[in-house]
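Take a look at the structure below.
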Amino acid sequence: MGDSSTSYIHMVFAFLFLYFDSVQHLIEKCLIFNMTKEECMEALSKHANIKPVITSTVWNELEKENKEFFEAYAQSQSKQDRMSEEETSRMIQKMISDSSSKDPDE
């Protein structure tokens, strides 16, 4: 029983790592589109079926690991013109479809 439960735990951790890695990749796309954390959480919830708490958790960890980047990002957020909701929605739909059509082994 020990070997099979250890193997199962490794599979679960591998799945979680890939899942959070995918969420991180989508958050990075949101950053490219100059989205706020709240906009990103809403977009990933709506378009990628990712619960806002997951997006928020991954975003918070990215902020911890990249404090200087996120400080500069927050400053640039207040200075830039915002995209329209329709334009943002189109870009996210394209991002999600591009992301899901890629070979998972890449």
Side-chain angles (χ1 to χ4, degrees):
M1 181 176 157
D3 287 339
S4 65
S5 61
T6 301
S7 179
Y8 176 75
I9 290 170
H10 286 155
M11 280 184 9
V12 168
F13 278 123
F15 170 78
L16 290 174
F17 175 79
L18 291 173
Y19 181 69
F20 286 119
D21 192 53
S22 296
V23 174
Q24 177 180 336
H25 177 73
L26 293 172
I27 289 172
E28 289 167 356
K29 295 286 188 175
C30 290
L31 294 171
I32 291 169
F33 298 139
N34 296 310
M35 298 173 77
T36 65
K37 179 180 180 179
E38 290 72 24
E39 290 169 331
C40 184
M41 290 182 342
E42 182 180 336
L44 296 187
S45 176
K46 182 177 179 181
H47 299 289
N49 233 10
I50 297 171
K51 293 190 182 292
V53 67
I54 300 295
T55 302
S56 179
T57 300
V58 175
W59 185 292
N60 290 342
E61 288 303 310
L62 289 171
E63 281 184 321
K64 286 180 194 175
E65 294 173 13
N66 305 285
K67 191 172 185 170
E68 290 177 8
F69 168 81
F70 278 93
E71 287 171 356
Y73 184 76
Q75 287 179 348
S76 72
Q77 283 286 298
S78 62
K79 296 177 183 175
Q80 291 187 349
D81 292 336
R82 308 295 298 184
M83 275 190 253
S84 72
E85 187 175 332
E86 182 180 328
E87 184 180 16
T88 302
S89 183
R90 269 196 316 267
M91 292 177 86
I92 290 171
Q93 283 291 70
K94 182 178 180 346
M95 170 185 73
I96 299 294
S97 66
D98 289 351
S99 179
S100 64
S101 66
K102 285 187 176 180
D103 183 5
D105 294 331
E106 287 184 2

Answer yes if Leu18 and Met11 sit in the same cluster of Ile, Leu, Val, Met, Phe, Trp and Tyr residues linked by side chain heavy atoms under 4.5 Å apart, and no otherwise.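 In one cluster: no.
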
With the 4.5 Å side-chain cut-off for hydrophobic clustering, are Leu26 and Phe17 part of the same group?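 They do not share one cluster, since no chain of ILVMFWY contacts under 4.5 Å joins Leu26 to Phe17.
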
How many angstroms lie between [atom1] in [X] and [atom2] in [Y], if you round to the nearest 0.5 Å?
X     : Y     : atom1 : atom2 : result
Lys94 : Lys29 : NZ    : NZ    : 8.5 Å
Ile96 : Leu44 : CD1   : CG    : 6.0 Å
Met35 : Ile27 : CE    : CD1   : 11.0 Å
Ile50 : Cys40 : CD1   : SG    : 8.5 Å
Phe20 : Ile54 : CZ    : CD1   : 4.5 Å

What pairs of donor and acceptor atoms, side-chain ones from residues 63-72 against any protein atom, are under 3.5 angstrom apart with sequence neighbours left out?
from, atom 1, to, atom 2, distance (Å)
Glu63, OE2, Trp59, NE1, 3.3
Lys64, NZ, Glu61, OE2, 3.1
Asn66, ND2, Leu62, O, 3.0

Report the C-alpha separation of Ser45 and Thr55 in whole Å, then their side-chain angles, then the decisive distance to 0.1 Å, and conclude whether the side chain to side chain contact (heavy atoms under 4.5 Å, CB included) test is met. CA-CA 8 Å; Ser45 176; Thr55 302; over 6 Å; no

Applying side chain to side chain contact (heavy atoms under 4.5 Å, CB included), name anything that partners Glu38, two or more places apart in sequence or on another chain.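 Expected list: Thr36.
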
Those residues that, when tested against Ser56, pass side chain to side chain contact (heavy atoms under 4.5 Å, CB included) (two or more places apart):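 If we apply the side chain to side chain contact (heavy atoms under 4.5 Å, CB included) test to Ser56, skipping adjacent residues, the hits are Lys37, Met41, Asn60.
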
For Thr6 and His10: C-alpha separation, side-chain torsions, deciding distance, then whether side chain to side chain contact (heavy atoms under 4.5 Å, CB included) applies. CA-CA 6 Å; Thr6 301; His10 286 155; 3.6 Å; yes

